[in-house]
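Not measured: the values here are computed from a predicted model. In the text below, chain A, chain B and the rest are named by the order of the sequence lines, each starting its count at 1.
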Protein chains: 2
Amino acid sequence: MRENKYLTIYNDLLLKIRQGILKANEKLPSENELVQQYQTSRETIRKALNLLSEHGYIQKIKGKGSIVLDVSKYDFPVSGLVSFKELAQKMKKPSKTIVCELDLVKPDEYLKKHLHVTNKDEVWKVIRAREIEGEKIILDKDFFNKKFVPSLTREICEDSIYEYIENELKLKISFAKKEIFVDKATDEDDQYLDLEGYNHIVVVKNFVYLDDASLFQYTESRHRLDKFRFVDFARRSHQ
Amino acid sequence: MRENKYLTIYNDLLLKIRQGILKANEKLPSENELVQQYQTSRETIRKALNLLSEHGYIQKIKGKGSIVLDVSKYDFPVSGLVSFKELAQKMKKPSKTIVCELDLVKPDEYLKKHLHVTNKDEVWKVIRAREIEGEKIILDKDFFNKKFVPSLTREICEDSIYEYIENELKLKISFAKKEIFVDKATDEDDQYLDLEGYNHIVVVKNFVYLDDASLFQYTESRHRLDKFRFVDFARRSHQ
DNA sequence: AAGTGGTCTAGACCACACG
DNA sequence: GTGTGGTCTAGACCACTTC
C-alpha cells in the first residue's frame, strides 16, 4: 500500500457517494464512527472529510454532522474549473488540434514582463487552433521558457503539451492564475478560426507556476463567444 | 483572546509578508522554528501555513522549506474570485445601484428547478442595474426563497443585499457555483443598461448555498462585454 | 547525516445542536 | 447530558533535499 491513508479513505467515501451507498442529503457516519470503520485516528478521518468538503461533495456542520451533497444536479464536474474544450472531450465530441505556429522566439516586452525572462532567454511560441465538431472555435497561444522545455515537436503539440510536461519532463505544475475578459477579435483570430461573423473573442489568460514557485508558462486561450463556457465551484474561505 | 490560534498565526505571517518583513522569493522560517516562535504545536503551525498556501501567499516545497510568493505582481487580490464590480468598488470609482424591479413572484419552471421550490413557495425577484462611472453596465437579477428572506425593501437592495443577509439575518453562506458564458442581449438588458451597440452579454450565473447545504439564492449577473473581467487563482488539487 | 515538510497517532478540551 | 464537529498538543516515522 503506497497511497496515503487519508487519500484512500477520501477515495473510498467518494466511491460510496457516487455509487449511492451514501445518499444525497443524508448524513455520513460521524467522525468517531469512521475512526472505528477505518481503524485510524480522527485527524486522518478529518483530512479525508475536509478534502470531500473542499471538493464540494459533503457539507460539514458543527454539532450536527456531515451531509452528502447532491452531486447529480451539477451538469459539470464539481471540483475545479472546466472549459468548453475539456467538456467537449468528456462528451467525446469529435475534435482536432491544428498546429498553426511552432517557433523559438525572442521574448517581446509583454512576455519579458509576464514570463520573467530576459533578452538572453528564448521562448517557445505555440499557436494551435481547436476544432470541435468541424468548427475551429478556440485559438490557444502558449509560451514556454526554453529553460524548462528544451525541445518541442509538432507531434507533441498535436497531442497534449500538458501531458508531455507532466509525464515526460516530470515538471510539477502547482498553481495557476486565470483572467477572463472579452476582447476585439484580431486578424490572427480571423485567420485561424471560423469566426462566423463574431467580432469579439473571450480571452482566458493563464499564468502557470511550477512546484518551486517559478512562472514557466503563459497561455492565452481565445474562444469564440458562442462556444465559451466556464464553471467554477468555490467554497467560501475562512474569515 | 477569542480568535483561533492558527488564524492568529496566519494573520500575523500575512501581515509580515505584506509589510515586507518576510520578503518575496525568500524562505520562511522552518516549521520547527515557527513552533518555537509562536510557542505552539507543529500541526497548528501547519494549519496556518496551509492557509497561506491555499490563498497563494506562500509555496511549500517538501524537503526544502516554504517560499514567500511575490504578491505585488498580482494586479488583483490573490485569493478567490474578483468581479469588475468589486474591483470598481476597490478602486473607489463612482458607482450607483438602481433598483429596477422588486417583487414577490410565483416561481416559473426554470426557478422551480434551480431554487428547488414548489408552486406554493414565493420567491423574491430583484433586478438591479449597476452604474459605474456614469454607465449602466451590469444587470443583476437575484432570486431568493421567501422562506429564508421574509422581507426585503428598496433601501436594502440599494445597499448590499449580501451584507443584509449575513449581518442582519445571520444566514451563513458556505459555497457557490458559478457558470460564465456569453449570450445574446435581451430586450430587458437593452431596457435597463447602456449597451452602446453591443448585442451580446457576458452572463455569470451564481448558485449560492447556505451552511446547511440548502440552495437559497440564484443570481444572474449580466455584464456588458467590454466591462467584464474575472480573475481566479487556483491551486492544483491533490491527485 | 541533518534538516525540511508530509503523514499519522492517541489523547484532550471546546462550542454547538438537540432532546 | 450526550453526541457532534473544531481546535490543539506532543510525540512518532517517513520521504525528500542538501551537505
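Per the geometry, CG belonging to Asn50(B) stands 17 Å off P belonging to dT4(C), to the nearest Å. Computed from coordinates, the Lys60(A) NZ to dA17(C) P distance equals 16 Å when rounded to whole Å. Across the protein-nucleic acid pair, Leu7(B) atom CG and dA15(C) atom P stand 16 Å apart, rounded to whole Å. Rounded to an integer number of Å, the gap from Lys27(B) NZ to dG3(C) P is 14 Å. Rounded to whole Å, the distance from CG on Asn32(B) to C1' on dC13(D) is 14 Å. Protein atom CD1 of Ile61(B) is 15 Å distant from nucleotide atom P of dC16(D), rounded to whole Å. In this structure, Gln39(B) atom CD and dA10(D) atom C1' are separated by 13 Å, rounded to whole Å. Following rounding to the nearest Å, Ile9(B) (CD1) and dT9(D) (P) show an atom-to-atom distance of 8 Å.
Checked by atom type and distance alone, the side chain of Arg128(A) pairs as donor or acceptor with a backbone atom of Cys157(A) at under 3.5 Å. Proximity of a side-chain donor or acceptor of Gln39(A) to a complementary backbone N or O of Gln36(A) within less than 3.5 Å is detected. Put simply, the side chain of Asn11(A) gets close to the backbone of Leu7(A): a donor and an acceptor are under 3.5 Å apart. Judged purely by atom type and a 3.5 angstrom limit, Asn50(A) uses its side chain to pair as donor or acceptor with the backbone of Arg46(A).
Map Glu43(A) and Lys62(A) each onto its nearest nucleotide of DNA chain C; the residue landing nearer the 5' end is Glu43(A). Nearest-nucleotide positions on DNA chain C for Thr44(A) and Gly65(B) put Gly65(B) closer to the 5' end.
Using a 4.0 Å cut-off, no side-chain N or O of Tyr6(A) falls inside it from OP1 or OP2 of dC8(C). The side chain of Lys47(B) contributes an N or O atom lying less than 4.0 Å from OP1 or OP2 of dT7(D). Contact annotation: Arg46(A) side-chain N/O to dG5(D) OP1/OP2 distance is not under 4.0 Å. Considering only side-chain N and O atoms, Ser41(B) lies nowhere under 4.0 angstrom from the phosphate OP1 or OP2 of dC8(D). Put simply, Ser66(B) has no side-chain N or O that comes within less than 4.0 Å of OP1 or OP2 on dT4(C). The side chain of Lys64(B) places an N or O atom within less than 4.0 Å of a non-bridging phosphate oxygen (OP1 or OP2) of dT18(D).
For Phe228(A) and Phe181(B), the ring centers are positioned 6.0 Å apart or more.
For Arg42(B), whose side chain is taken as the heavy atoms from C-beta onward, the closest listed nucleotide among dG6(D), dG6(C), dT4(D) is dG6(C).
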